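Since the structure comes first, as structure tokens, the remarks are kept for the end.
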Amino acid sequence: MKLVRDTWLIFQRQIQLLLRNPVWLFVGVFQPVMYLLLFAPLLKDALHAPSQAEAYKIFVPGLLVLLAIFGGLFQGFGLIAELRAGVIERSRVTPISRLALLLGRALRDVVSLIAQAVIITVLALVFDLRVFIGYLLLAYLMLALIALMTASVSYGVALKVKSEDALAPLMNTVAQPVLLLSGILLPLTYAPSWLKGIANWNPFSWAVDGTRALFAGDLGNEKVWQGLTIIAVLAVAGVVWSARQFARSVR
């Protein structure tokens, strides 16, 4: 119960800080919206889709996963600012759970990501995207797990490097190949066999395929449950590793 209470207290505080400056919520969604409005209309012919709505069923899930990955991986910058301001240092004298310090922040990031995902999904409805609400909620669960994992890893790395100058290139170095090998913007259907073989080792590739299957209404697709399982395991591992970094930093 103490962990739940402490997590709720940190979560409330982080949400209050977010609501005081909600512009960041819309700044984070600006680039995906530009992709949705300016890039997606070109995909019908490129993907040989029977309709624009079918093209959006392929593109929008990848765009949401892109948002979850990038939105999570760069959350560590805020934590470095708190380290510099002494916020984390002052936590040493409190009896609050060190795991709660992580979970409260990470859950704030999950809520922010889901809010952005809803905005993008609603905009996509204008372009005739249609998806069953139950499948959409399951896709949001996949996104939440991705955000939880990437945010936790970002916080853990931030506690280690303690510098924005080191964190930025490190996160970019990790993010670029991960995104390119996951088929986020375009499916890897026509990719060379060697590229597909490498992509199969990328957990986000499974997440993208699973999310696309949900948007297509194919709940029985094995990629859905495989993607959820893989991402859930990685999310737990990311939280455990990052929680240890918090425990070491706040003693």
Side-chain angles (χ1 to χ4, degrees), residues 1-30 32 64-65 67-122 136-162 164 167 171 228 231-232 234-251:
M1 288 300 295
K2 182 180 185 302
L3 175 61
V4 174
R5 183 179 67 252
D6 290 351
T7 300
W8 176 246
L9 289 174
I10 297 297
F11 173 76
Q12 282 184 309
R13 173 62 177 164
Q14 294 298 317
I15 287 293
Q16 287 173 1
L17 293 174
L18 179 64
L19 293 178
R20 286 178 187 174
N21 196 10
V23 66
W24 292 110
L25 181 68
F26 297 98
V27 169
V29 82
F30 177 77
L64 294 178
V65 174
L67 183 64
I69 295 174
F70 263 98
L73 284 179
F74 291 90
Q75 292 299 331
F77 288 97
L79 185 61
I80 292 176
E82 291 184 357
L83 280 169
R84 187 173 294 114
V87 175
I88 304 300
E89 180 71 21
R90 290 194 292 272
S91 300
R92 292 184 177 185
V93 300
T94 67
I96 198 163
S97 166
R98 297 342 185 197
L99 177 57
L101 289 173
L102 165 66
L103 289 177
R105 288 173 169 81
L107 291 177
R108 182 276 313 270
D109 301 331
V110 169
V111 170
S112 175
L113 175 275
I114 295 301
Q116 293 172 335
V118 169
I119 293 173
I120 292 175
T121 305
V122 170
L136 181 61
L137 293 177
L138 200 55
Y140 284 170
L141 174 61
M142 182 90 77
L143 298 175
L145 290 172
I146 293 172
L148 178 62
M149 176 187 66
T150 53
S152 297
V153 170
S154 182
Y155 287 135
V157 173
L159 288 172
K160 276 189 166 295
V161 301
K162 297 182 175 64
E164 294 93 337
L167 183 64
M171 290 295 100
L228 281 170
I231 296 300
L234 291 177
V236 171
V239 168
V240 170
W241 176 78
S242 186
R244 290 179 177 174
Q245 304 309 312
F246 269 90
R248 292 171 182 170
S249 300
V250 187
R251 287 181 178 176

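Worth saying up front: this structure is predicted, and the values here are computed from it rather than measured.
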Using every non-hydrogen atom in the two residues, find where Ala106 and Leu148 come nearest and quote the distance to one decimal.
CB-CD1, 3.7 Å
Interatomic distance, CE@Met142 vs CD1@Ile231, rounded to 0.5 Å, equals 7.0 Å
Apply side chain to side chain contact (heavy atoms under 4.5 Å, CB included) to Asp6 and Leu103, showing your working.
CA-CA 9 Å; Asp6 290 351; Leu103 289 177; over 6 Å; no
Just how far is it from atom CG of Leu73 to atom OG of Ser152, taken to the nearest 0.5 Å?
11.0 Å
Between CG on residue Asp109 and CZ on residue Phe11, distance to nearest 0.5 Å
10.0 Å
Quick one: are Thr121 and Leu64 in side-chain contact, heavy atoms under 4.5 Å?
yes
Between CG of Leu67 and CD1 of Ile120, what distance do you get to the nearest 0.5 Å?
5.0 Å
Any side-chain heavy-atom pair of Val239 and Leu99 under 4.5 Å
yes
If you measure from OG1 on Thr7 to CG on Leu102, what distance do you get to the nearest 0.5 Å?
9.0 Å
Side chains of Arg13 and Ile10, heavy atoms from C-beta outward: is any pair under 4.5 Å?
no
Filter on salt bridge (charged side-chain N to carboxylate O under 4.0 Å, His left out), then keep only pairs touching residues 70-85, sequence neighbours left out; what's left?
Glu82-Arg105, Arg84-Glu164
Minimum heavy-atom separation for Ala147 and Leu113, please, with both atom names.
CB-CG, 4.0 Å
So with a 6.0 Å cut-off around NZ of Lys162, is the heavy-atom count from everything else above 12?
yes
Write down the atom of Ala68, the atom of Thr150, and the distance for their closest heavy-atom approach.
O-OG1, 3.4 Å
Side-chain heavy-atom pair Val111, Leu107 within 4.5 angstrom cut-off:
no
Point-to-point distance, once rounded to the nearest 0.5 Å, from CD of Gln12 to CD1 of Ile15:
9.5 Å
Sorted by chain and residue number, the side-chain contact (heavy atoms from CB on, under 4.5 Å) partners of Leu138 (sequence neighbours excluded) come out as Leu141, Leu214, Leu219, Val224, Trp225, Leu228
If every non-hydrogen atom of Gly76 is compared with every non-hydrogen atom of Ala158, which pair is closest and at what distance?
O-CB, 3.6 Å
Ala151 to Gln75 - nearest heavy-atom pair and separation:
CB-CG, 4.4 Å
Can you check whether Phe246 reaches Leu79 side chain to side chain, under 4.5 Å on heavy atoms?
yes
